[in-house]
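Remember, it's 1-based here, ligands and their atoms both numbered in the order they're listed.
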Amino acid sequence: MVSVRLLLLSVALLLCGCLGTQGGNVLVFPGEYSHWLNMRVILEELVERNHSVTVLVSTASPSINFSRPESFGFKVYDVPFEKQDWQALNEDFIKWWLNESQNASMLQLGLWIRDLLQKMNVLTVNMCKSMFNNEELLESLRQSKFDALLSDPMFPCSDLIADALDLPLIFSLRFSFGMVIERQCAQVPAPSSYVPSPELPYTDKMSFFERVHNFVTYTFCDVFMNVHLLTTMDTLYSEIKGSPTRFCELMGKADIWLIRTYWDIEYPRPFLPNFKFVGGLHCKPAKPLSEDMEEFVQSSGDDGIVVFSLGSMVKNLTTERGNTVATALGRIPQKVLWRYSGEKPETLAPNTRVYEWIPQNDLLGHPKTKAFITHGGTNGLYEAIYHGVPMVGIPLFADQSVNVMHMKTKGAAVVMDFNKMTSDDLTEGLNSVINDPSYKENMMRLSSLHHDQPMKPLDTAVFWIEFVMRNKGAKHLRVESHNLTWYQYHCLDVTAALLSVVALFIIVSVKTCTFCFRKSKARQKTE
Ligand SMILES: *[C@@H]1O[C@H](CO)[C@@H](O)[C@H](O)[C@H]1NC(C)=O
Ligand SMILES: *[C@@H]1O[C@H](CO)[C@@H](O)[C@H](O)[C@H]1NC(C)=O
Ligand SMILES: *[C@@H]1O[C@H](CO)[C@@H](O)[C@H](O)[C@H]1NC(C)=O
Ligand SMILES: *[C@@H]1O[C@H](CO)[C@@H](O)[C@H](O)[C@H]1NC(C)=O
Ligand SMILES: *[C@@H]1O[C@H](CO)[C@@H](O)[C@H](O)[C@H]1NC(C)=O
Ligand SMILES: *[C@@H]1O[C@H](CO)[C@@H](O)[C@H](O)[C@H]1NC(C)=O
């Protein structure tokens, strides 16, 4: 009897022991380029905390190298197109954006963007179908017994996978076009009176006409996205699921939304309990530079250095833009480290060194760094905030213009128009950011706000992923408005009911009064 108990006890202890050190099992559906660089940091931390991580990646991924040894695993699936198809699409886009788009009319721009979206759709729809036509892949995913799916909604269909495998879903994103996904699929309230659309250069304080513009922009984005989603995604989702399914409805089932921003750069606004803010989770203290680079940095003396990068997607510029930029850089006393892999501009001055790749975080954290010239991608922006380096923003596309615009309104950046700026503009911008102490002070203020959080952003992200695994989801944080129709949400049914009661009351009162009035008149007559 006693021995049986002992046996049970030791088995129980053994099980507890196993469970204690055994982490969760996370499936990851990644984005590409800078999105992937950001997500990798979360994955490495999850592995560090003894979770098992598997990244689901297509053979045509343009920026994820699945042959590289990593601490996490890859599950690679076939798609009927090549890595080069993605890359060609991106290169065409960037080339067009940096050159031909300069003289394009609004109509040409619109048509071009529609064309790009259609080409991208062909690839994403194919990606999605390849996964769901691959029984072997689905079966092996089912066998793996995952605890949660972490996804970047840059590509669609991760929600379909979560649904098919019955997994809780965590999204990681910055924001969607016109915040349509957040507003319509996740039910985030965004009053157009004080929440500017990310497509517009406005702050939370808007004049009457800015509010009109904002309202119209939100409406336009809604209509555009609904037409786009209804015609492509809803059909795809219904086809794969085998029953009428709305893209937005499935996305809205996500348990947690990890948003890659924070209240240091965002204007205050309402958010839902399943939205968590993890901007800057990838930032780390600077590591020492290579000997050669450190020597160049030290040679700048008291003037210090300027770090310049337009991100990983823009490799070269047109000859004309390259020379304009190089001329401007040659006029400042600082030394410049420029990440650039195009042809060396003729006007490159001796104070500027061009590198194929730079350790951006380590350079920004270097005490000699005076300014950062950036396209304003979210990752670089947060590295600058983390280390308190004021910026010259040259936004190119996507979220970059809204990012640098926020930095400008916070007094921590000067903004340039890439296609229109002259060498003088850039030199002047650089000189003010470096020599006017207000930029540095404002940046240091943002930096101290960023560091003054109850938990580091990376810990917050990992906490919520673990929370979802421990609690088998976080559906209790989803608002009930997902279940309401639009007229219920806006209380139109309630308003209609109350108005009917009031109307009924008025009609009854009027009728009664006229009846009484007539009666008394009739009595007067008879008297
Ligand atoms: C991970 O597992 C190792 C070995 O089982 C253990 O020593 C370590 O403390 C665990 N780490 C965490 C964060 O649980
Ligand atoms: C991917 O990683 C492997 C292994 O480290 C390396 O040999 C290969 O060159 C890498 N491919 C690219 C495109 O970077
Ligand atoms: C830029 O656009 C012009 C006009 O369309 C074209 O002639 C030129 O070749 C383009 N340059 C590059 C580098 O693509
Ligand atoms: C755009 O227009 C300007 C002025 O007409 C011209 O100098 C420039 O070459 C044009 N750029 C392209 C890419 O066509
Ligand atoms: C960048 O370089 C590629 C190949 O070297 C070339 O095809 C492309 O036109 C260049 N882009 C610009 C904007 O000059
Ligand atoms: C919505 O309705 C469904 C079915 O009645 C229910 O299971 C769910 O908890 C409700 N709430 C939300 C937020 O989806």
Side-chain angles (χ1 to χ4, degrees), residues 10-79 81-94 123 127 144-148 150 152 154-155 170 258 278 281-282 284 290 309 311-316 339-342 355-361 379 454-472:
S10 50
V11 167
L13 277 178
L14 212 70
L15 278 177
C16 283
C18 286
L19 290 175
T21 51
Q22 201 179 49
N25 194 5
V26 187
L27 179 62
V28 179
F29 188 94
E32 295 283 348
Y33 300 107
S34 57
H35 294 222
W36 166 240
L37 295 181
N38 191 279
M39 192 170 263
R40 260 185 71 140
V41 176
I42 306 181
L43 306 188
E44 278 164 1
E45 184 65 21
L46 283 171
V47 170
E48 191 73 10
R49 299 193 193 186
N50 291 342
H51 301 293
S52 154
V53 174
T54 307
V55 180
L56 189 57
V57 60
S58 85
T59 44
S61 164
S63 62
I64 303 176
N65 185 354
F66 46 80
S67 331
R68 212 175 107 160
E70 298 274 12
S71 57
F72 41 82
F74 287 106
K75 179 115 217 151
V76 186
Y77 63 95
D78 267 316
V79 283
F81 53 90
E82 303 283 324
K83 179 176 176 167
Q84 284 75 18
D85 294 325
W86 267 123
Q87 282 169 341
L89 203 62
N90 281 322
E91 271 159 27
D92 279 359
F93 168 69
I94 288 172
L123 298 187
M127 254 170 91
S144 302
K145 301 258 176 287
F146 292 107
D147 297 310
L150 172 63
D152 187 318
M154 187 175 185
F155 301 124
I170 302 145
L258 298 174
V278 295
L281 61 83
H282 63 292
K284 293 187 193 83
S290 68
S309 168
S312 56
M313 285 177 77
V314 178
K315 300 225 160 51
N316 53 353
R339 176 188 176 164
Y340 181 60
S341 36
Y355 296 86
E356 289 262 329
W357 178 84
I358 52 173
Q360 188 169 288
N361 187 55
N379 287 346
M455 235 175 11
K456 289 203 185 93
L458 182 56
D459 292 334
T460 308
V462 170
F463 172 84
W464 284 104
I465 295 168
E466 290 179 336
F467 179 95
V468 162
M469 293 197 282
R470 276 195 302 270
N471 297 289
K472 316 238 174 298

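Under the side-chain contact (heavy atoms from CB on, under 4.5 Å) rule, Phe72 has a single partner from Thr54, Leu46, Val53, which is Val53. Each of Val79, Leu123, Val76 was scored for a side-chain contact (heavy atoms from CB on, under 4.5 Å) with Ser58, with one residue passing: Val79.
When hydrogens are left out, the protein atom nearest atom 13 (C) of ligand 2 is Lys83 NZ, 4.0 Å; that is the closest non-hydrogen contact. Looking only at protein heavy atoms, the nearest one to atom 4 (C) of ligand 2 is Ser67 O, 3.8 Å.
Considering backbone and side-chain atoms alike, Asn65 places an N or O below 3.5 Å from some N or O of ligand 2. Checking only distances, Asn50 does come within under 3.5 Å of ligand 1, N or O to N or O.
For the 3.5 Å distance criterion, the side chains of Ser71 and Glu44 fail to qualify, holding no donor opposite an acceptor.
Nearest heavy atom pair, residue Asn90 against residue Tyr33, reads ND2-OH, 2.6 Å.
Stacking of Arg470 on the aromatic ring of Phe463 is recorded, both the 6.0 Å distance cut-off and the 45° axial limit being met.
Distance screen at 4.0 Å: atom 11 (N) of ligand 2 has a protein heavy-atom neighbour inside the cut-off.
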